[in-house]
Amino acid sequence: MSAQSSNGNAPSRELLEKLFRTAYKIRVFETEGIKLYRQGLIRGYFHPYLGQEGIATGVCAALKDGDYIASTHRGHGHCIAWGASINKMVAELLQKDTGYCRGYGGSMHIADIKAGNLGANGIVGAGTPLGVGAALASQIKGTDAVTVTFTTDGASNNGTFMESLNLAAIWNLAFVLVVENNQYAVSTKIEESTREVDLYKRGLAIGVESYQVDGNDSLAVYNMTKDAVEKCRRGEGPILIEAKTYRHMGHHVNDPGKYMPADRLAYYKERDPVDRARAALTEMSGIDQSEIDAIENEIRLEFEAAVEFSKASGEVTIAEFREFAAAY
Amino acid sequence: MSAQSSNGNAPSRELLEKLFRTAYKIRVFETEGIKLYRQGLIRGYFHPYLGQEGIATGVCAALKDGDYIASTHRGHGHCIAWGASINKMVAELLQKDTGYCRGYGGSMHIADIKAGNLGANGIVGAGTPLGVGAALASQIKGTDAVTVTFTTDGASNNGTFMESLNLAAIWNLAFVLVVENNQYAVSTKIEESTREVDLYKRGLAIGVESYQVDGNDSLAVYNMTKDAVEKCRRGEGPILIEAKTYRHMGHHVNDPGKYMPADRLAYYKERDPVDRARAALTEMSGIDQSEIDAIENEIRLEFEAAVEFSKASGEVTIAEFREFAAAY
Amino acid sequence: MYRDALREAIDEEMERDSSVFIIGEGIAERGGSYKVTEGLLDKYGANRVRDTPIAEAGMIGVGVGAAIAGARPIVEILYVDFAMLGMDMLVNQAAKFRLMTGGDGRVPFVMRTQGGTGGGVAAQHSQSLEALFYHIPGLQVVMPSVPADAKGLLKYALRQQDPVMFLEHKHLYMTKGMVPDGEHVIEFGKGDIKRPGKDVTIIAWSNMIPRALEAAAKLAEEGIDAEVLDPRTLVPLDKAMILTSVAKTNRVVIAQEAVRRGGVASDIASIIQAEAFYDLDAPIEIVAGLNIPVPFNLELEKASVPQVDDIVVAARRTLHAKSFALAAE
Amino acid sequence: MYRDALREAIDEEMERDSSVFIIGEGIAERGGSYKVTEGLLDKYGANRVRDTPIAEAGMIGVGVGAAIAGARPIVEILYVDFAMLGMDMLVNQAAKFRLMTGGDGRVPFVMRTQGGTGGGVAAQHSQSLEALFYHIPGLQVVMPSVPADAKGLLKYALRQQDPVMFLEHKHLYMTKGMVPDGEHVIEFGKGDIKRPGKDVTIIAWSNMIPRALEAAAKLAEEGIDAEVLDPRTLVPLDKAMILTSVAKTNRVVIAQEAVRRGGVASDIASIIQAEAFYDLDAPIEIVAGLNIPVPFNLELEKASVPQVDDIVVAARRTLHAKSFALAAE
Ligand SMILES: Cc1ncc(C[n+]2csc(CCOP(=O)(O)OP(=O)(O)O)c2C)c(N)n1
Ligand SMILES: Cc1ncc(C[n+]2csc(CCOP(=O)(O)OP(=O)(O)O)c2C)c(N)n1
Ligand SMILES: [Mg+2]
Ligand SMILES: [Mg+2]
């Protein structure tokens with residue numbers, strides 16, 4: 001499976017624009033979200049996806065309606081790439097009744113079952129069994145849906161990783177495990193957590209087709225996922241894709257990330273996934289700068305509108321909550 | 001690492017006799033134990049080690065005082081190879097106060113902490129983290145002890161397997177994971193539980209030196225373990241050894257094991273580990289048949305004496321138990 | 001028999017609803033350790049009846065994921081003890097998903113397993129762990145004592161929207177009992193008076209029901225008329241039925257096989273004392289397992305969990321307390 | 001501060017006993033999420049202060065194994081919620097090893113972790129799960145409320161032979177309090193009267209102690225003299241102290257942050273009603289978390305767990321019940 005293109009054809013302008021739009025939207029969401037957090041408007045945990053945008057962007061572009069995704073504690077990017085409403089996402093972070101979870105969930109629990117998003121997760125690694133389960137449900141129902149679980153380098157050292165991937169393998173499920181290897185678990189370097197930092201090898205050890213891709217190249221991620229998803233639809237799943245990447249900042253908003261060496265960070269920032277998606281769009285489609293500006297502007301306005309929408313929204317009342325509790 | 005010999009020298013008569021004695025002792029224990037079970041003298045679970053004797057025999061012969069072992073639900077063989085008292089083992093199975101666990105544990109829980117046997121285990125896979133823990137304790141104390149965990153093909157699909165082996169790897173622990181691949185978990189064939197039936201590959205995927213050996217050849221197992229243990233003592237652990245084998249009967253005493261194909265069973269019975277240990281002793285050491293007979297007779301008498309001992313022993317009283325409970 | 005009743009329930013619901021499926025260790029070809037799933041593979045095929053590797057966390061997690069995605073999994077865990085390997089998926093995923101999604105996300109997941117002592121299977125195969133699930137909001141806890149309840153409750157479980165811990169007892173699989181013909185579904189939260197009586201209420205569930213009934217028979221010989229109340233589902237709990245019975249008898253014994261400390265009996269006692277304080281003529285008696293793991297030795301195993309006579313003695317004590325209280329007045 | 005007291009305890013015990021070591025996520029260089037282990041790496045080196053991958057089951061299991069082999073591990077689990085991943089090792093191994101080996105095998109294992117609500121960290125990072133450990137015979141459960149207790153109890157824990165669940169509270173790390181100089185060790189099973197009083201006994205632990213004390217201050221303004229009793233260790237439980245207090249006050253409020261259903265409060269209530277039935281002038285009041293996972297929204301989070309006023313109201317109710325009972329006599 002090549003990391004360059006799935007069929008040798010040049011990518012369409014439509015695809016390139018979609019990739020850029022998504023990556024940029026995530027970038028804006030996280031950058032602006034952090035400001036809201038710093039203003040005290042967002043509480044609890046907030047794990048920015050900055051620097052990793054290429055992965056969610058490329059993967060989700062290769063999926064279709066009816067498919068499923070399951071995500072991580074660093075889940076905003078997956079939601080957005082999956083096409084979530086920015087209004088409902090911001091409202092959720094602001095604890096509002098109009099949020100995806102009516103303010104009950106917050107950053108780590110945004111989900112949209114009807115749309116096939118099984119949700120972010122506060123338990124590292126938990127998305128893998130859940131995703132395998134969704135793939136199993138699809139197989140039992142006989143649909144052609146594919147499920148993607150986004151997981152992490154940190155999760156790869158947890159028992160759930162191999163245990164549930166193995167279940168997907170023996171049942172040939174239409175399941176793609178995307179391992180976002182950003183090389184850190186909070187401040188712990190991957191080299192301190194395992195001797196084998198090429199995580200795709202774990203899939204190979206249990207007979208799962210496994211690949212590695214540059215996670216900062218959304219087009220490469222797209223192409224590889226596209227191939228994987230097609231195989232899965234033909235009953236040749238599961239497939240593991242390890243996407244190497246790097247965070248642009250600390251683990252969460254309040255982590256200065258001082259343990260990240262400046263040269264490594266610079267290396268990855270030079271390979272910024274948003275810049276690369278923009279460059280790909282510009283170079284391969286001949287789009288001009290004013291169109292790019294328009295897209296960026298549109299996305300910024302969408303976010304601003306979402307903040308307005310959320311601020312104007314109310315919160316679930318304590319009476320409603322007590323009623324919910326009585327029925328729980 | 002060669003499966004034939006660790007240093008090219010011919011094995012000593014002492015070693016060959018030890019291997020045969022151990023394998024034969026296990027054979028007698030299990031065969032006679034099953035009779036006691038059928039007589040209703042042993043209750044609860046009894047998972048015979050028949051057919052797998054070569055593994056415990058070879059592994060334990062390569063260890064020394066101060067080392068640790070942790071075992072499985074099929075643990076009699078490991079105990080015996082470790083040098084356990086047959087009296088105390090039989091007494092335990094007969095629920096007697098003189099048993100290893102005073103009748104509180106039974107077949108699945110025989111342990112002898114003072115001797116470094118961390119015990120059998122009723123939870124498939126649990127011995128691996130426990131064994132890694134013992135190895136960690138040794139490293140922290142700065143001793144040269146090596147810990148061996150015996151585990152199973154069934155356990156290799158459980159999360160604990162990779163998760164705890166990975167911990168042993170990042171800490172370079174003096175830990176040997178011996179995977180007894182008898183190709184079944186109760187009636188489930190290994191091919192139904194995983195796509196990759198060569199289990200040593202899992203170790204490789206996380207950077208652990210890993211080997212495969214014929215588990216029915218106690219000498220080969222010994223040699224391979226010897227090398228592994230030496231490496232571990234030099235700080236080059238952990239090491240994984242997959243030992244292929246096959247049960248001679250069903251999963252437990254009451255399982256007829258009809259799902260085991262007759263030809264496969266016959267294949268392995270032709271490669272009976274006890275017969276092979278006897279043949280190796282005879283062929284390589286020039287021992288004569290009367291000496292073999294004497295050894296076998298001695299072992300049979302030891303078992304018979306243990307049954308007498310156990311029958312004559314008392315049980316923990318309910319009053320003592322209540323006292324124990326009050327202090328628990 | 002209990003195990004047949006369970007099989008009938010699964011069979012009927014698999015027939016009715018094609019999204020019901022079952023996974024577990026040795027449940028397909030082998031029909032399960034307790035023969036509950038025998039014949040289902042032949043009838044429903046390998047797509048809906050699947051063996052798993054020894055992967056409790058994985059299979060519970062996969063079941064929860066399948067339920068979220070709209071299927072109806074039954075995950076069979078051989079021993080409730082092994083469910084500890086999947087606790088994260090139960091506690092942090094299955095039970096919480098509904099709240100975390102603001103109410104939208106439902107998890108129609110059924111975990112069937114069995115607990116309790118029996119035959120010297122020792123500490124890691126003998127526990128009664130309902131209290132752990134009981135404490136986690138979002139998990140329903142079902143513990144049928146007789147075949148009819150087993151069937152009716154399991155059918156209802158498979159029509160629920162929220163996770164169900166369906167806890168059987170290894171002693172009960174071969175017990176006999178009438179099972180109503182035709183569609184037999186028992187709603188959760190409805191207790192059942194297994195024996196009406198007026199002098200003392202014995203609350204029990206699962207394998208303690210046969211013992212409570214035997215105890216009641218013995219008590220009857222002494223002229224004590226015990227009511228045996230089986231909540232059948234611990235979450236939701238039929239508080240109304242319990243309080244009505246207590247208002248009548250004024251004396252309560254709660255019998256559980258689980259250990260005394262922090263068991264469900266304590267919680268039921270705490271509810272009764274809070275809501276029926278002035279009805280009680282004697283302290284509530286809890287008859288429960290000793291606070292220690294279950295030993296292998298059969299005599300000690302027996303001594304570690306309540307027997308018929310323990311219930312009898314406790315019931316008597318509630319009546320003596322009354323005479324004592326009257327004498328003191 | 002509470003966190004400094006914990007660090008001192010670890011430091012002193014690591015100094016005293018070279019077999020004490022600590023593992024956890026980000027506890028070495030980073031000093032732990034709550035700064036409890038700051039400086040220990042420098043002082044004791046990488047052999048005894050180790051970061052782990054995200055492997056809760058593994059690190060708990062490894063800790064248990066190391067303890068069996070004679071070392072003294074402290075395993076730090078970031079959130080008690082994550083301990084669910086290691087439940088098998090706690091329930092089936094650590095807690096049972098002693099019984100299963102007939103008494104010989106001891107497991108001097110300490111799991112340190114923290115629970116409770118705080119700051120919108122939502123359902124999977126806010127639980128109070130002491131009841132799960134409490135129900136498992138063989139696990140000791142410690143929940144210090146003030147710095148001095150945190151230090152003294154942790155030092156004692158590290159000299160124990162049996163597994164200890166040492167449960168801290170995320171709200172308490174920065175709370176201040178006197179810590180006695182010199183060797184300060186607090187035996188398990190000894191409660192502490194945090195405020196003496198005669199009208200009503202408020203039993204509470206961990207983060208409910210500051211709230212109970214505030215409630216007591218408010219009640220004092222109304223002329224109600226509340227005794228605040230902190231058991232400090234839930235297993236073993238200082239029953240004698242509780243019964244003595246109840247004999248004096250005849251009224252009880254139990255406050256826990258954990259959810260009401262099946263919590264430790266219920267068990268303590270069941271003990272009091274069984275052993276001090278005739279001492280009670282009013283139903284025991286349990287003030288506890290709602291039976292639902294903790295929501296993200298801060299107002300709802302607050303509504304989901306007991307606040308000072310909930311304790312005040314419950315205490316008042318126990319006194320009104322008395323007047324009611326007197327009036328009825
Ligand atoms: C089971 C579990 N253990 C620990 C944590 C605390 N925690 C949250 S994020 C994190 C680091 C995760 O690193 P990784 O899995 O690589 O994901 P990344 O943050 O790099 O995206 C940790 C330890 C958790 N949420 N769940
Ligand atoms: C965690 C767990 N799950 C299930 C079981 C029930 N069980 C006992 S032995 C066994 C099969 C084990 O197969 P394997 O691990 O290959 O060991 P073998 O019996 O072949 O020696 C099973 C499923 C158990 N004891 N523990
Ligand atoms: Mg990472
Ligand atoms: Mg096997």
Side-chain angles (χ1 to χ4, degrees), chain A residues 68 70 92 97 99-106 108-114 116-123 125-143 145 147 149 158-168 170-171 173 316 320-321 324-325 327-328, chain C residues 14 18-23 44-73 75 85-86 88-89 91-109 136-140 161-162 235-236:
Chain A
Y68 292 100
E92 185 58 32
D97 193 9
Y100 265 111
C101 313
R102 307 187 65 200
Y104 282 107
M108 284 192 297
H109 305 298
I110 298 180
D112 188 357
I113 324 307
K114 288 187 211 81
N117 177 355
L118 306 176
N121 214 305
I123 305 294
T128 306
L130 298 180
V132 174
L136 176 60
S138 301
Q139 188 183 68
I140 282 168
K141 292 188 200 157
T143 75
T147 301
T149 285
N158 196 288
T160 49
F161 185 90
M162 294 294 273
E163 184 172 323
S164 27
L165 184 59
N166 186 59
L167 292 175
I170 57 170
W171 292 330
L173 297 182
V316 167
E320 281 175 286
F321 171 52
F324 192 9
Y328 206 82
Chain C
M14 286 187 81
S18 65
S19 72
V20 176
F21 70 95
I22 181 159
I23 62 176
Y44 297 102
N47 191 40
R48 292 172 65 196
V49 182
R50 300 184 186 213
D51 283 342
T52 66
I54 304 172
E56 282 78 10
M59 73 180 106
I60 292 174
V62 162
V64 173
I68 292 174
R72 287 197 163 275
V75 174
L85 286 152
D88 171 63
M89 283 292 144
V91 170
N92 291 323
Q93 309 298 333
K96 305 228 167 353
F97 198 68
R98 187 174 168 199
L99 175 285
M100 291 188 310
T101 55
D104 275 3
R106 304 299 282 264
V107 186
F109 162 83
I136 303 299
L139 300 180
Q140 300 173 90
Q161 289 307 314
D162 299 308
V235 181

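Because the structure is predicted, anything quoted here is derived from the model rather than measured.
Contact tally against chain C (heavy-atom pairs below 4.5 Å) for Ile110(A), Val132(A), Ile123(A): the top residue is Ile123(A). For chain A, the option among Arg106(C), Arg98(C), Arg72(C) with the highest count of heavy-atom pairs below 4.5 Å is Arg98(C). The greatest number of non-hydrogen atom pairs below 4.5 Å with chain A, out of Thr52(C), Asn92(C), Leu99(C), Val235(C), is found for Leu99(C). Options Gly105(C), Ala66(C), Ala71(C) differ in how many heavy-atom pairs under 4.5 Å they form with chain A, and the most are formed by Ala66(C). For chain A, the option among Pro137(C), Pro236(C), Ala67(C), Gly63(C) with the highest count of heavy-atom pairs below 4.5 Å is Pro137(C). When each of Gly142(A), Gly103(A), Ala134(A) is scored by its heavy-atom pairs under 4.5 Å with chain C, the top score falls to Ala134(A). Of all the listed residues (Tyr104(A), Tyr100(A), Tyr68(A)), the one sharing the greatest number of non-hydrogen pairs under 4.5 Å with chain C is Tyr104(A). Ranked by heavy-atom pairs under 4.5 Å with chain C, the list Thr128(A), Val316(A), Leu130(A) is led by Leu130(A).
Across all non-hydrogen atoms, the minimal contact from Phe97(C) to Tyr328(A) is N-OH, 4.3 Å.
With values rounded to the nearest 0.5 angstrom, Ile140(A) atom CD1 is found 8.0 Å from Ile23(C) atom CD1. Put simply, CE on Met100(C) and CG on Asn121(A) are 6.0 Å apart, with the number rounded to the nearest 0.5 Å. Rounding to the nearest 0.5 Å places CD1 of Ile68(C) at 6.0 Å from CG of Leu118(A). The CD atom of Glu163(A) sits 10.5 Å away from the CD1 atom of Ile54(C) when rounded to the nearest 0.5 Å.
Proximity to chain A is absent for every atom of Gln161(C), based on heavy atoms less than 4.5 angstrom apart. Contacts of Asp97(A) with chain C are absent, with no heavy-atom separation under 4.5 Å from either backbone or side chain. Asn47(C) touches chain A through backbone and side chain together, each having a heavy atom under 4.5 Å away. Within the 4.5 angstrom heavy-atom criterion, only side-chain atoms of Ile113(A), from C-beta onward, approach chain C. Using a 4.5 Å cut-off between heavy atoms, Ala95(C) contacts chain A through its backbone alone, with no side-chain atom that close. Heavy atoms closer than 4.5 Å to chain C are found in the side chain of Asn166(A), but not in its backbone. Using a 4.5 Å cut-off between heavy atoms, Phe324(A) contacts chain C through its side chain alone, with no backbone atom that close. Using a 4.5 Å cut-off between heavy atoms, Ile170(A) touches chain C through its side chain atoms alone. Heavy-atom distances place no part of Asp162(C) under 4.5 Å from chain A, backbone and side chain included.
With salt bridges taken as basic N to acidic carboxylate O contacts below 4.0 Å, one links Lys114(A) and Asp104(C).
Sequence neighbours left out, the pairs with a member in residues 131-141 of chain A that pass side chain to side chain donor-acceptor pair (under 3.5 Å) are Gln139(A)-Arg50(C).
In this structure, the side chain of Gln93(C) does not engage the main chain of Ala126(A) through any donor-acceptor pair within 3.5 Å.
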